[in-house]
Amino acid sequence: MINGIIAILLVGLFGFFLGKFIKHKSLYPFMHFKYDFRKRRDTFKQCLELLDYTNAKTIIETGTSREGLRGAKSNGAATIVFGKWAKMNGAKLYSVDISEESVNNSQAEVDRQHLHDVVSVFQSDSVAFLVDFDQQVDFLYLDSYDYSDDVEVQKKSQEHHLAEFKAIEDQLHENSLVLIDDCDLPNGGKGKLAIAYMLQNGWRIVTEAYQVLLVRDDFVIDKA
Ligand SMILES: C[S@@+](CC[C@H](N)C(=O)[O-])C[C@H]1O[C@@H](n2cnc3c(N)ncnc32)[C@H](O)[C@@H]1O
């Protein structure tokens, strides 16, 4: 009897940890296995490969990693993921955020990860920052104005991400990559208006998931 109970408990425990292991989506070996990027793992991985392929040098992220690497599962920790790629590949990442607290937290993680020479974190409204940015951009990651259940907030977030794209579109080129976060959400997520605009203006979707990855119509993905 006791043995039977112990066997059931062990099987249950095994199932629990197996389930956790299957759900765990790491970017190992690029990032430590313990970081779980969950719904963003596959699109991050694809972007990292395309950054290699396009030999990107200038990356912009709107909305910085306010929880540092602790936020891998919740927010993405993109500042650190793409900052690390930048460090390994002689590129620069510019991350902009309107909140002093987000900027301070992100900067602290950038310093802890020894990325301060390649990652610059700016405190500004992202649209104002992008309007003033005067270099060509190889990879644009849009992830600022938080989305919510409130329909008015959703509209503002979507309008803000469209305004971000319009503010920098002249600095994008034929091999630029654009990734938009938090898209697979009620009423279209952060990217709804930006994606509609991009599709009418020479861009196409490469991957449509929780994040949406877009390139120019004439971008040729040939990694063979
Ligand atoms: C989801 S978090 C960004 C997460 C980050 N990209 C990551 O991968 O960890 C969204 C951030 O956008 C910032 N934000 C909201 N409105 C903004 C605006 N108008 N301009 C710039 N940043 C803004 C917030 O302060 C917040 O820190």
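Both counts, for ligands and for their atoms, begin at 1 and track the order of listing. Residue numbers count from 1 along this sequence. We use all heavy atoms of the structure for the numbers below, so side chains are in, but hydrogens, waters and symmetry mates are not.
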Which ligand 1 atoms are under 4.0 Å away from a heavy-atom of [X]?
| X | answer |
| --- | --- |
| S99 | 25 (O) |
| D146 | 1 (C), 10 (C) |
| G76 | 8 (O) |
| S124 | 20 (N), 21 (C) |
| E61 | 5 (C), 6 (N), 7 (C), 8 (O) |
| A77 | 7 (C), 8 (O), 9 (O) |

* To do: Could you tell me the separation between the CG atom of L140 and the CG atom of L172, rounded to the nearest 0.5 Å?
  =>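 One finds 6.0 Å between CG of L140 and CG of L172.
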Test your reading of the model: is there a side-chain donor-acceptor pair from [X] to the backbone of [Y], 3.5 Å cut-off?
| X | Y | result |
| --- | --- | --- |
| H24 | F33 | yes |
| D182 | K190 | no |
| D36 | S26 | no |

Looking at [Y] and [X], is any side-chain nitrogen of the basic one under 4.0 Å from a carboxylate oxygen of the acidic one?
| X | Y | answer |
| --- | --- | --- |
| E109 | R112 | yes |
| E49 | K45 | yes |
| E67 | R70 | no |

* **Closest candidate by heavy atom, reference atom 6 (N) of ligand 1, pool L130, D143, N105** =>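 Selected option, by shortest heavy-atom distance: D143.
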* Pick, from Q123, E109, R66, the option with the minimum heavy-atom distance to atom 2 (S) of ligand 1. => R66
* Structure fact -> Note: D181, heavy atoms under 4.0 Å from ligand 1, region reported as neither
* Asked: Which is it for E67 and ligand 1 at heavy atoms under 4.0 Å: side chain, backbone, both or neither?
  ->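 Looking at E67 and ligand 1, no heavy atom falls under 4.0 Å.
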* Asked: Around atom NZ of K87, are there more than 12 heavy atoms of other residues, nucleotides or ligands at under 6.0 Å?
  ->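 Result for NZ/K87: enclosed.
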* Asked: Is the CG atom of D117 crowded by more than 12 outside heavy atoms at less than 6.0 Å?
  ->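 More than 12 within 6.0 Å, yes.
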* Compute whether any side-chain donor of one residue and acceptor of the other, for E164 and S144, lie under 3.5 angstrom apart. => yes
So which heavy atom in the protein is nearest [atom], and how far is it from that ligand atom?
| atom | answer |
| --- | --- |
| atom 11 (C) of ligand 1 | D97 OD2, 3.4 Å |
| atom 22 (N) of ligand 1 | I98 N, 3.1 Å |
| atom 20 (N) of ligand 1 | S126 N, 2.9 Å |
| atom 9 (O) of ligand 1 | S65 OG, 2.8 Å |
| atom 8 (O) of ligand 1 | A78 N, 2.9 Å |
| atom 19 (N) of ligand 1 | D125 OD1, 2.8 Å |

* Side chains of W85 and F139: does their closest heavy-atom pair fall under 4.5 Å? ->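 No, too far: nothing below the 4.5 Å cut-off.
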* Asked: Would you say G63 and ligand 1 have an N/O pair spaced under 3.5 Å apart?
  -> yes
* Asked: Purely on distance, is any nitrogen or oxygen of T62 under 3.5 Å from one on ligand 1?
  ->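 Looking only at distances, the answer is no, because the N/O contact criterion of under 3.5 Å is not met.
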